[in-house]
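Reviewing the structure listed below.
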Amino acid sequence: MQLPTIGVVGCGLMGSGIAEVFARAGCTVLVHEADATAAACGRDRIAASLRRAVSSGKLSREDADAASARIEIGTDLSALAPVRLCIEAVSEDEGIKIALFNELDQVVESGDAILASNTSSVPIMKLGTATSRPHQVIGMHFFNPVPVLPLVELVPSLLTSAEVEATVRGLAEGLLGKTVIRSPDRAGFVVNALLVPYLLSAIRMVESGFASPEEIDAGIVNGCAHPMGPLRLTDLIGVDTVAAIASSMYSEFKEPLYSPPPMLLRMVDAGLFGRKSGRGFYEYGSA
Ligand SMILES: NC(=O)c1ccc[n+]([C@@H]2O[C@H](COP(=O)([O-])OP(=O)(O)OC[C@H]3O[C@@H](n4cnc5c(N)ncnc54)[C@H](O)[C@@H]3O)[C@@H](O)[C@H]2O)c1
């Protein structure tokens, strides 16, 4: 089988993981970042993740080197012209994503190339209608860390073609070995519709002084057998990303349980983004 050339836009927590899994599966991956500093961070993040996979025995050094050699990271969007599938993984900002889909539609040359988004909450329909090919636009929602967590939520819009959905499902399951669930095109999809109200409830508990992050996380880890508690998980996902997802869900459903608590919004204002910035509900040695 001829493997498709993959485009990835944004090389943060998620884009770096998405680029890595496709490269490990044998694809050439062309990554676009906003600027040279972000591109260098993305390159370092992928290298660190491949090193972890080698040292834990999940990947040979040769395979890690080969995967690394298949990834090209740059800052010129037109380099993505030859891709067959492009996955957008930039910050969770509807305006940025819509503008990007409009640009990608013009840059990606093949008329039948697929434009996918890793968004957690922006309607796929809004991204599709920013292009001339809404039937070839789909949500492909990976989970963090991408090389470790098996789930992909597949989110067709009302206009996505059945053929595109089948192709993307085939790549996620067959090429990447992921477990796929299908979600309707509603802010939060299946998993975040359940997860985000839980994270926000934990933040409200901290905000009201009901319990500390340490107490809440110890309660959930030791009492419910979750691998980590909700405050540590918020730090892992990104405080800014959780706030953005909650805001989109609140704006779609107007349900108070999705409304981001003031404490979360002030943490975003302060740049306390969690693990990736070095401080969120907890402090981390290095970002
Ligand atoms: N963090 C998670 O756990 C998680 C899980 C699933 C999905 N998502 C979704 O994945 C997407 C990315 O999230 P993340 O956690 O990787 O965020 P992040 O902040 O770690 O990375 C975002 C990256 O996008 C880059 N970027 C911003 N604008 C750009 C542009 N116009 N062109 C190119 N690059 C640009 C930034 O430089 C940054 O490197 C969001 O839509 C988010 O909702 C996140």
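Each ligand, and each atom within it, is numbered from 1 in the order the structure gives. FYI, the numbering just counts along the sequence from 1.
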Write out each pair where an N or O from ligand 1 and one from the protein are under 3.5 Å apart, with the distance.
unit_1, atom_1, unit_2, atom_2, d
ligand 1, 1 (N), I237, O, 2.8
ligand 1, 3 (O), N144, ND2, 3.4
ligand 1, 8 (N), S120, OG, 3.3
ligand 1, 10 (O), N118, ND2, 2.9
ligand 1, 16 (O), L13, N, 3.3
ligand 1, 16 (O), M14, N, 2.8
ligand 1, 19 (O), K276, NZ, 3.1
ligand 1, 20 (O), L13, N, 3.0
ligand 1, 34 (N), E33, OE1, 3.4
ligand 1, 34 (N), A34, N, 3.4
ligand 1, 37 (O), E33, OE1, 2.8
ligand 1, 37 (O), E33, OE2, 3.4
ligand 1, 39 (O), E33, OE2, 2.5
ligand 1, 41 (O), V90, O, 3.3
ligand 1, 41 (O), E92, OE1, 2.4
ligand 1, 41 (O), K97, NZ, 2.8
ligand 1, 43 (O), E92, OE1, 2.9
ligand 1, 43 (O), S120, OG, 2.8

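Under the 4.0 Å criterion applied to side-chain N and carboxylate O atoms, R133 and D112 are not assigned as salt-bridge partners.
Using a distance-only test at 3.5 Å, with no hydrogens or angles considered, a donor-acceptor pair links the side chain of K97 to the main chain of V90. Between the side chain of E72 and the backbone N or O of L30 there is no donor-acceptor pair closer than 3.5 Å.
Environment of CZ in R169: crowded, with over 12 heavy atoms of neighbouring residues, nucleotides or ligands closer than 6.0 Å.
Grouping Ile, Leu, Val, Met, Phe, Trp and Tyr residues whose side-chain heavy atoms lie under 4.5 Å apart, directly or via other members, places L159 in a hydrophobic cluster with M125, L158.
For the pair R232 and Y282, the cation-pi test (distance below 6.0 Å, angle within 45°) is passed.
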